[in-house]
Amino acid sequence: MAIRGQDIRQAKALLREGELVAIPTETVYGLAGNAFNPHAVASIYEVKNRPTFNPLITHTDRLEKAAGYVQSVPPLAKKLAETFWPGPLTLLLPKATSLPDLVTAGSDLVAVRIPQHPLTLSLLQQLDFPLAAPSANPFGYISPTTAEHVSEQLGSKIAYILDGGACSVGIESTIVGVEDDTIVVYRLGGISTEDLQQVSQRVRMHEGQRHEMPTAPGMLKSHYAPARKVIIGNLSELILRYDPERTALISFRNLHPQIPEAHQRVLSASGDLNEAAQQLFSALRQLDKLPVEVILAEFVPNYGLGRAINDRLTRASA
Ligand code: TXA
Ligand code: MG
């Protein structure tokens, strides 16, 4: 069973030996390995049971360090990095040949991110290689937002979990590429579209988002999905159709008296979308453990982080 702790030296030693370590970030926990070690990268896919056509994000602590595996940083990407890093933004940049192809699943773009978490930043500062890290969950399941979530599902497969507490953002990073002065969004996440528009007014969704022909499997129609069936709609109407004892519920702001309280999670009583994002994945996980048939949920307002929350709810229900 994985040891849980805050020992950066131990994490560092394991990573240097090609072992995997779960790391905290502000978005979700990552399953990290040395991105320059093909064996370590291969074991990430294996432990996650993830198809090898689905590329990984590389994590570093300074943009200059990425120069070793990125060919160039276009001006708009540089501006985004300066504005949002460290933070929940991932940039797709032209990949150099030095990085193993397995990291990017053969793509000529590499996903790069500087996460904002003191433990992980400190670890990255002490490493002379980037960390390839997908979310630390079995492929297709909900991303972990606490060390305990990681331990429950991957604890028997890895040596160490760096425990950095509950993730503050709670939803994965926003993934963007740049085309001249246009920001192309591959995955909605912790940086909102409105935030991106502060840097360039020209923001559009990647084609795959519209046509459901994903280039980023984080965009797969069904993903981030609990085992229980998730149904989204008007909660007051949906509730009438199911046996209350066999029903769980995720509401944005209010409890619903018809359903046992222990079956309910309110994402933010005050209507704060940041709080709702932070709560979403642990709410889904907790309700997924109950002996219920169905998890009912409702969309949140579709702006700011609300768009990313609704995106995850939709995929959880597909
Ligand atoms: O917040 C996050 O991004 C977390 C933390 C650990 O950093 N990581 C994460 O990784 O969510 P993962 O592997 O679960 O999701 C990364 C997504 C995948 O959907 C993958 O397809 C996409 O990023 N991706 C990675 N490299 C890509 C590339 N070169 N082109 C297109 N999509 C890429
Ligand atoms: Mg993931």
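Heavy atoms only: backbone and side chains are in, while hydrogens, waters and symmetry mates are out. In this chain, numbering begins with 1 at the start of the sequence shown. Whatever order the structure lists them in is the order used to number ligands and atoms, beginning at 1.
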Does [X], backbone or side chain, put an N or O under 3.5 Å from an N or O of ligand 1?
X      : value
Ser135 : yes
Arg187 : yes
Leu109 : yes
His59  : yes
Tyr29  : no

Thr90, Leu99, Leu93 screened by side-chain contact (heavy atoms from CB on, under 4.5 Å) with Thr58, the one that passes
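Of Thr90, Leu99, Leu93, side-chain contact (heavy atoms from CB on, under 4.5 Å) with Thr58 is met by Leu99 alone.
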
(request) With Thr174 as reference, evaluate Thr27, Leu305, Leu89 under the side-chain contact (heavy atoms from CB on, under 4.5 Å) test and give the passing residue. (result)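 Per the side-chain contact (heavy atoms from CB on, under 4.5 Å) rule, the option paired with Thr174 is Leu89, out of Thr27, Leu305, Leu89.
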
Quiz item: Can a salt bridge be assigned to the pair Glu194 and Arg307 using a cut-off of 4.0 Å between side-chain N and carboxylate O?
Solution: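 Looking at Arg307 together with Glu194, the answer is yes, because their closest N to O distance falls below 4.0 Å.
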
May I ask whether [X] places a heavy atom under 4.0 Å from ligand 1?
X      : answer
Arg50  : yes
Asn54  : yes
Ser107 : yes

task = Check step by step if side chain to side chain donor-acceptor pair (under 3.5 Å) holds for Ser143 and Arg312.
result = CA-CA 11 Å; Ser143 297; Arg312 300 304 188 273; over 6 Å; no

At a threshold of 2.8 Å, where the distance has to be below it, does the Mg ion (ligand 2) have an N, O or S atom of Asn137 nearby?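 Coordinating: no.
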
Among Ala22, Gly177, Gly190, Pro55, which residue places a heavy atom closest to atom 27 (C) of ligand 1?
->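 Comparing heavy atoms across Ala22, Gly177, Gly190, Pro55, the nearest one to atom 27 (C) of ligand 1 lies in Pro55.
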
Minimum non-hydrogen distance to atom 30 (N) of ligand 1, winning option of Leu92, Leu31, Val169:
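When every heavy atom of Leu92, Leu31, Val169 is considered, Leu92 comes closest to atom 30 (N) of ligand 1.
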
Side-chain contact, heavy-atom cut-off 4.5 Å: [X] with [Y]?
X      : Y      : value
Pro115 : His59  : yes
Pro226 : Leu284 : yes
Pro74  : Glu179 : no

Going by the atom numbers of ligand 1, which of them fall below 4.0 Å from some non-hydrogen atom of Val28?
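Checking each atom against Val28, I get 4 (C), 6 (C).
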
Can you tell me if Glu148 has over 12 outside heavy atoms packed within less than 6.0 Å of its CD?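 No, CD of Glu148 has 12 or fewer neighbouring heavy atoms, counting only those of other groups under 6.0 Å.
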
